[in-house]
Amino acid sequence: MPLRLGILGGTFDPVHLGHLRAAEEAVEFLGLDALNFVPAALPPHKTDRNIVSFESRWRMLQLAIAGNPRFHLSDLELRIPGKSYTVHSLRSFRQEYPGAELFFLVGCDAFLEMNTWHDFREIFALAGIVVMCRADCSLEQILAFATGKVSGLYEADPSAGQIRHPELCSIYKLLNTRIDISSTRIRELVAKRRSIRYLVPDSVWSYIAENSLYTGAAGRPDFELARNGDA
Ligand code: ATP
Ligand code: MG
């Protein structure tokens, strides 16, 4: 049996229970051997605000996944110089694990914007795409996007919650418990000195408080980190 490897990219600024629960359900639903959280060093779509340092987002992820033997953390996007592009990360996973079956997890909000991502068509050839619901999203919507933006040859298999293609990898709709939590909401609450308890793991909550993250003080941009080795 080939290794079944899940990959969940994101800014994780900060990681929250919405990420963790959807990831746990994906591992179960797809029978994944491991799930890699891949924090973006320099997210291409998020240049409009200060993102907390890679080290802080990394530390919060470490705290959040502690004790789950299937959850792993990857510094891949930090090691690839320049902007963080999903396609580059997937190519690296493919090289590192040549026989593995890759599954890229993505929220439905981000999925419907994938046509704006760098070399996005290649992503659909490299990995199965697992669409996690955070708002309403139907298999028809996913199919319409796939046939409109990626390839006209996709066909839905509603009983399997899957969209198949003769050459590209399948697209799966994960029937995950919908948890309407976003990092944006958490940052807003912290900035207003409101509680974020039960939205993030307690260890992450403590880390945010101890390090005064998201209180409105200027965060350190990740530019220097991401440019390391970019000469
Ligand atoms: P922000 O509000 O800063 O955009 P976010 O909560 O969307 O943060 P990201 O780091 O942008 O978190 O998300 C990483 C991935 O996880 C994306 O594919 C996103 O769609 C997905 N995701 C985020 N929150 C949830 C959730 N509550 N349920 C399911 N998927 C989620
Ligand atoms: Mg987001």
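Indexing begins at 1, ligand by ligand and atom by atom, following the structure's order.
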Which ligand 1 atoms does [X] reach within 4.0 Å, using its non-hydrogen atoms?
| X | result |
| --- | --- |
| Ser182 | 2 (O), 6 (O) |
| Phe12 | 10 (O) |
| Arg187 | 3 (O) |

Is any side-chain heavy atom of His16 closer than 4.5 Å to one of Ile179? no

Heavy-atom side-chain contact between Met114 and Phe124 under 4.5 Å: yes

Determine whether the side chain, the backbone, both or neither of Thr184 has a heavy atom under 4.0 Å from any heavy atom of ligand 1. both

With a heavy-atom distance limit of 4.0 Å, tell me whether Val106 approaches ligand 1 through its side chain, its backbone, both, or neither. both

Polar contacts were defined as any N/O atom of the residue lying under 3.5 Å from an N/O atom of the ligand; does this apply to [X] and ligand 1?
| X | value |
| --- | --- |
| Ala22 | no |
| Thr11 | yes |
| Ala110 | no |
| Asn176 | no |
| Gly9 | no |
| Gly10 | no |
| His19 | yes |

Pairing donors with acceptors under 3.5 angstrom, does anything connect the side chains of Ser159 and Asp157? yes

Roughly how far, to the nearest 0.5 Å, is [atom2] of [Y] from [atom1] of [X]?
| X | Y | atom1 | atom2 | answer |
| --- | --- | --- | --- | --- |
| Asp13 | Met60 | CG | CE | 6.0 Å |
| Arg194 | Arg185 | CZ | CZ | 6.0 Å |
| Leu112 | Gln141 | CG | CD | 6.0 Å |

Measure the acute angle between the ring planes of Tyr97 and Phe93, then classify it against the limits of 30° and 60° as parallel, tilted or perpendicular. parallel

Ion pair present between Glu55 and Arg59, side-chain N to carboxylate O less than 4.0 angstrom? no

Between Arg134 and Asp109, does at least one N-O distance fall below 4.0 Å, as a salt bridge requires? yes

Looking at ligand 1, does His16 have a heavy atom less than 4.0 Å from it? yes

